[in-house]
Amino acid sequence: MPELPEVEVVRAGLAPATSGSVITAVSVFDDRALTRHAAGVADFVARLEGRVFVDAMRRGKFLWLPLDDGDSALIAHLGMSGQMLLRRPDAEAERHERIRLHIEHPQHGELAVVFADQRTFGSLAVDRLVADGPSWIPTQVVHIARDPMDPFFDDAAFAQALRRRGSAVKRVLLDQQVISGVGNIYADESLWAARIHPETPASALSPRAVMRLLAEIRSVLAKALAEGGTSFDAQYVNVNGQAGYFAHSLNAYGRGGQPCPRCGTLIRREAFMNRSSHYCPQCQRRR
DNA sequence: GGGGGTTCCTGTACGC
DNA sequence: TGCGTACAGGAACCCC
C-alpha cells in the first residue's frame with residue numbers, strides 16, 4: 001500500500017524522465033481515475049497536452065508534477081493500489097491501465113507514463129498551485145500536514161496536536177491533517193518500535209513518549225525508503241514495475257500470531273478502524 | 001471542530 | 001469445481 005516511502009520511490013523514479021518532458025498526448029481509458037479532476041476528461045486532457053513538466057514534488061502520499069505554465073500541476077494520489085509506471089511508448093496496456101501520458105524528453109526521447117490502478121481509489125488531476133510559505137502546493141494538498149521527512153515539519157506543533165486529541169494515538173497518526181505520509185503499515189511499525197499501544201489516547205502520551213514516537217516514525221520511514229518501500233504483492237512497485245524489500249523488515253505489521261522479534265510474545269492482530277492493528281501485548285502495554 | 005463510523009473498489013484467499 | 005464471503009485500506013464524507 002503506497003505510504004510515504006513508496007510514493008517517494010515513485011517520485012524519485014519519475015523525476016529524471018518527466019522533468020523537461022513535453023506532454024504530446026493524453027489517453028484516458030477510465031474516468032474513475034479522474035475523480036479528483038471535477039472538470040472532466042476533456043478538460044484534463046486540454047490542460048496537459050503541449051505542456052512541459054518542470055519538476056516532481058511530494059507531500060505525504062500526494063505526488064505532483066508542476067507544469068511550465070507556472071501555476072498548475074498534474075497531481076497523483078495512488079490510493080490503495082495505484083501505480084505510476086514508465087514504459088516505452090508502444091508498450092502493451094497494463095492490466096488495470098486507466099490513463100496513459102505520452103511524453104517526449106529532450107535526452108531520453110519518447111516515453112509513456114502509465115497510471116494503473118486495480119482498486120480505483122487512486123486518482124490523477126490537474127490542479128492549481130497556491131503559495132504555502134516558501135513553496136507552492138496544489139489546492140488539493142493545502143489541508144495535508146507536512147510529512148515528518150519535510151525539513152519544515154514542526155515537531156512542537158505535532159506534540160501539541162497530540163496533546164489536544166483524546167483519540168487513540170494510532171488514529172491520530174493516520175490523520176493526514178496532523179502528520180502526513182503514515183498509513184496502516186508504518187503506524188503499526190512505529191508504535192511497535194516506540195513501545196506504545198495503538199489504543200493509547202494521544203493526549204495521555206508524555207512529551208518524552210511523543211518525541212520517541214516521532215523519532216521512530218522517521219527511522220521506520222527512512223529504512224523503508226532505503227529498501228525501496230514495502231511490497232506484499234504486485235500492488236506496490238516502482239516506476240519500472242519492481243517490488244520493494246521492506247516487507248522482510250517488518251516487526252509487527254502482518255505478523256499476527258508470530259513471535260515479537262523483541263520479546264517473543266505472540267503479536268496480536270485486532271480490528272481497528274475497519275482495518276487491522278498489529279502490536280505486541282508485552283512490549284506495548286495498554287496504559 | 002473533535003470524534004468515530006461509513007463508503008468507495010477489485011482481486012485474492014478461504015470455507016463450504 | 002463453484003459459489004459466497006471476508007479481507008486489504010486512503011481519505012472524503014457524514015452525523016453526533
Side-chain angles (χ1 to χ4, degrees), chain A residues 1-8 10 29-38 58-64 75-84 94-99 115-125 127 137-147 157-158 160-191 198-205 217 221 224 229-237 243 246-247 250 252-257 269-279:
Chain A
M1 320 302 153
E3 301 180 32
L4 187 153
E6 292 77 33
V7 179
E8 175 57 23
V10 171
F29 306 110
D30 188 336
D31 57 13
R32 291 177 302 174
L34 289 180
T35 50
R36 290 177 181 277
H37 192 88
R58 182 190 57 73
R59 175 175 291 185
K61 304 169 196 171
F62 280 85
L63 164 70
W64 67 93
I75 67 170
H77 195 291
L78 303 180
M80 291 288 302
S81 53
Q83 303 174 339
M84 293 287 268
E94 296 293 320
R95 181 152 181 218
H96 299 290
E97 183 163 334
R98 311 293 183 193
I99 293 174
F115 177 67
D117 188 11
Q118 179 203 105
R119 295 178 207 170
T120 71
F121 283 14
S123 172
L124 303 188
D127 195 12
I137 61 170
T139 65
Q140 295 187 35
V141 185
V142 166
H143 66 292
I144 301 294
R146 289 183 185 274
D147 62 63
F158 172 71
Q160 195 176 19
L162 262 59
R163 268 201 300 278
R164 284 202 311 264
R165 299 290 203 93
S167 298
V169 60
K170 179 168 171 183
R171 189 178 178 104
V172 180
L173 291 184
L174 296 178
D175 184 343
Q176 304 298 301
Q177 298 187 56
V178 174
I179 182 170
S180 68
V182 178
N184 206 39
I185 298 172
Y186 299 117
D188 280 1
E189 288 302 300
S190 303
L191 288 165
E199 300 265 20
T200 308
S203 55
L205 294 174
I217 291 170
L221 293 177
T230 303
S231 303
F232 297 111
D233 46 30
Q235 291 305 322
Y236 160 69
V237 291
F246 194 68
L250 295 172
Y253 182 86
R255 300 192 70 249
R269 173 176 174 269
E270 283 181 6
F272 180 79
M273 283 177 69
N274 267 349
R275 55 207 65 179
S276 295
S277 267
H278 310 78
Y279 66 96

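Below, chains carry the letters A, B, ... as their sequence lines are ordered, and counting in each starts from 1.
Look at CG on A:Asn184: it is 13 Å from C1' on C:dA11, rounded to the nearest Å. The distance between atom CG of A:Leu63 and atom P of C:dA11, rounded to the nearest whole Å, is 13 Å. Across the protein-nucleic acid pair, A:Met80 atom CE and B:dT12 atom C1' stand 13 Å apart, rounded to whole Å. Rounding to whole angstrom units, CZ of residue A:Arg59 and C1' of C:dA11 are separated by 17 Å. When rounded to the nearest whole Å, the span between CD of A:Gln176 and P of C:dG9 equals 14 Å. For the pair A:His37 NE2 and C:dA12 C1', the interatomic distance rounds to 19 Å; values are reported in whole Å. Between the P atom of C:dA8 and the CD atom of A:Glu3 lies a distance of 14 Å, rounded to the nearest Å. Look at CD on A:Gln83: it is 16 Å from P on B:dT10, rounded to the nearest Å.
Across all strands shown, C:dG9 forms a Watson-Crick or G-U wobble pair with B:dC9, both key distances being under 3.5 Å.
Side-chain contact check for A:Asn184 versus A:Lys170: some heavy-atom pair is nearer than 4.5 Å. At a threshold of 4.5 Å between non-hydrogen side-chain atoms, the residues A:Arg269 and A:Tyr279 do not count as touching.
Looking at the side chain of A:Phe62, the nearest of the listed nucleotides B:dC9, C:dC7, C:dA12 is C:dA12. Considering only the side chain of A:Thr120, B:dC9 comes nearest among B:dC9, C:dG9, C:dA8. Distances from the side chain of A:Arg269 to the nucleotides C:dC7, C:dG10, C:dA11 place C:dC7 closest.
A donor-acceptor pair under 3.5 Å is absent between the side-chain atoms of A:Ser277 and the main chain of A:Glu270, judged by distance alone.
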At under 4.0 Å between heavy atoms, which parts of nucleotides 2-8 of chain B does protein reach? Answer with one letter per nucleotide, 5' to 3': B base, S sugar-phosphate only, - none.
SSBBBBB
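At the phosphate of C:dA12, neither OP1 nor OP2 sits under 4.0 Å from any side-chain N or O atom of A:His77. Regarding contacts with the backbone of B:dT10, every side-chain N or O of A:Gln118 stays at 4.0 angstrom or more from both OP1 and OP2. The side chain of A:His96 contributes no N or O atom lying less than 4.0 Å from OP1 or OP2 of B:dC9. Residue A:Ser276 places none of its side-chain N or O atoms closer than 4.0 Å to OP1 or OP2 of C:dC7.
Of all the heavy atoms in A:Arg255 and A:His278, the pair that sits closest is N-CD2, 4.0 Å. The minimum heavy-atom distance between A:Pro2 and A:Met80, with the atom names listed, is CD-O, 3.3 Å.
Taking 4.0 Å as the cut-off between side-chain N and carboxylate O, A:Asp127 and A:Arg36 do not count as a salt-bridged pair.
The aromatic rings of A:Phe62 and A:His77 sit perpendicular to each other, their planes meeting at more than 60°, with 30° as the lower class boundary.
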